[in-house]
Structure formats: structure tokens, C-alpha cells
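Down below is the structure, laid out as C-alpha cells.
Not measured: the values here are computed from a predicted model.
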Amino acid sequence: NIHSSVRGSFQAYNTYTFLRSDGTRFTVETSSAPWQNAEGQTGGMISIVRDITERQKAERTLRESEERYRTLFELESDAILLVDYETFRIEDANPAAVRLYGYSHAEMLSMSAMKLSMEPEYADPTDSQVVHIPLQYHHSKDGAVFPVEITWHYFDWQNTRKLIIVSRDITDRVQTEEALKKRLQALTQPLDAPLTIEFSDLFDIARIQAVQDSFAEAVGVASIVTDL
């Protein structure tokens, strides 16, 4: 590189590692250009040397941070979308989101996050950096509708604002809450009131059958079939 600079070609941004007097290493970035005298003859070269040790540390830290983010992003069980703040265009989706909504990763990157909701009137996040929506209904590619709990927050990255939207399928929770409401209604209504609730609303028939089957197998008797 030194010889090519002296011969007249410009050599830019080479990196070298040196040792300080105390034995520590540091990295420099150099750029060189030939120096010519008044007669146009090359008399040497001019080099600019810049210590980039801290910059390399920062870049390494950023790479490690991105790798950790990517690992968490890929392994998280909740659906996570990275969305453009202005357009709501999906820029990335983790595997859990692909499974939950039924679209391929490529399909999701061509969509607006609004398309996933049955209630596209999302809360405006401009007044709060973090927004929590306890219940909203979304739908999958095949048209199935399911309840989700949503948390989103925005952040600024490379001079643009992004949204992280986390969606959790709460179908089991909602069904459990509905069952509890029906049981409470049955237990609190007057005795002479007409019965409007089925036995299956009060009890998990499949669960009862499973317990009976397990007991029958353990004691060696025939299981009673629950048919209500």
C-alpha cells in the first residue's frame, strides 16, 4: 500500500493494529496520497492516521446488541411486528406472528398492520410512547377471528420512527372468563327463574370425561361415558 501511494495512486482507509508502549493494542485507519514537489516529481507521501479503536468497540457492541435482539425476536412466543410509524407498513415479523396470522413472512412484509385487525381504529400512540390495548379482535389469513392483547411502543432509529407491536393470543383467557361469568350467573339467579344455562356451560365435559377415564384405567374398571 505504501509503494502504490508513492507511485501516484491514492490509497484510502486501510486499517492497521499497533502496540502502545504499555503493550495494549489499538487500531488505526489510514489514508495516504503522494506528495509532489514543484517540478511534479513524487517526493514522498502524506498520510492521515486516525485512531478508530473506540469506533470499532461501538460497532462490535452494536452488532452484539443486534444479534441479541434478533435471537429474542425469533424465539419470543408472542407475535412481534416491526412497523413503520407513518405508514403502518410491516417491515419485519417474527415466526410467532407468521404462525398466529397464517401469512408467510414475505406476505406480511407487503402488508399494513391495519389489515390484521377487525378494529383498525388503533389507539393513537403520539401522546404516549407505550400503548396497551387489553382486548382487540384480529383475524388470520383463513378468516378466523380471535382476541388479542396488544402492547406497542415507538422508537427512533436511523432518523425514522418505528413501532414495535406485540400481540398475544388470549383466546383461552377470554373463553375462561366467559365460562366463569356463566357459572356466576347460574349460582346467583333466583331458584324459581327459568334455567337458561346448559350443564355444559357450567362444567368442562371433556375434562370430566378425561378424569373419569384416568380413574377407570387406574382401578381397572369401565369408564362412565359422560353424555349431556
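- Closest heavy-atom contact between L81 and A97: CD2-CB, 3.9 Å.
- The two residues P134 and I170 come nearest to each other via the heavy atoms O-CD1, 3.7 Å.
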Next item on the list: Kindly determine whether F146 and H139 satisfy ring pair (Phe, Tyr, Trp, His ring centres under 6.0 Å), including the steps that lead there.
Entry: CA-CA 6 Å; F146 52 91; H139 63 87; 8.2 Å; no
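- If you take OH on Y101 and OG on S140, they are separated by 10.0 Å, rounding to the nearest 0.5 Å.
- Remark: the backbone N or O of S110 is paired with a side-chain donor or acceptor of R89 at under 3.5 angstrom.
- The CZ atom of R20 sits 5.5 Å away from the OG1 atom of T53 when rounded to the nearest 0.5 Å.
- Contact check for F155 versus I164: side-chain heavy atoms found under the 4.5 Å cut-off.
- Separating the CG atom in D92 from the CG atom in L82 is a distance of 6.0 Å, to the nearest 0.5 Å.
- Side-chain contact annotation: E107 with H105, donor-acceptor N/O pair under 3.5 Å absent.
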Next item on the list: Would you check, one step at a time, whether the test side-chain contact (heavy atoms from CB on, under 4.5 Å) holds for V28 with R50?
Entry: CA-CA 5 Å; V28 299; R50 182 182 297 107; over 6 Å; no
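- Shortest non-hydrogen contact noted between T27 and D51 is O-OD1, 3.2 Å.
- Within 6.0 Å of atom CG in D22, more than 12 heavy atoms from other residues, nucleotides or ligands are found, so the atom counts as buried in its surroundings.
- Looking only at side-chain heavy atoms (C-beta outward), E91 and L109 stay at 4.5 Å or farther from each other.
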Next item on the list: Would you check, one step at a time, whether the test side-chain contact (heavy atoms from CB on, under 4.5 Å) holds for F88 with L163?
Entry: CA-CA 8 Å; F88 263 84; L163 282 172; 3.9 Å; yes
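- Not counting sequence neighbours, the partners of R173 by the salt bridge (Lys or Arg N to Asp or Glu O under 4.0 Å) test are E149.
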Checklist line | Audit row: F18, R25, side-chain contact (heavy atoms from CB on, under 4.5 Å) steps and yes/no | finding: CA-CA 6 Å; F18 293 102; R25 294 176 178 270; over 6 Å; no
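- Contact annotation: the side chain of H138 approaches that of S167 to within less than 4.5 Å [non-hydrogen atoms, C-beta and beyond].
- For the pair D169 and L100, the minimum side-chain heavy-atom distance is below 4.5 Å.
- The distance from atom CD1 of I90 to atom OH of Y103, rounded to the nearest 0.5 Å, is 9.0 Å.
- Between L19 and T24, the closest side-chain pair of non-hydrogen atoms is not below 4.5 Å.
- Here the CZ atom belonging to R168 is positioned 8.0 Å from the OG1 atom belonging to T151, to the nearest 0.5 angstrom.
- A donor-acceptor contact shorter than 3.5 Å links the side chain of N94 to the backbone of D78.
- Looking at T15 and I52, their side chains come closer than 4.5 Å, going by heavy atoms from C-beta outward.
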Next item on the list: Evaluate the criterion side-chain contact (heavy atoms from CB on, under 4.5 Å) for residue pair V98 and M108; output intermediate values, then yes/no.
Entry: CA-CA 8 Å; V98 171; M108 297 200 79; 4.3 Å; yes
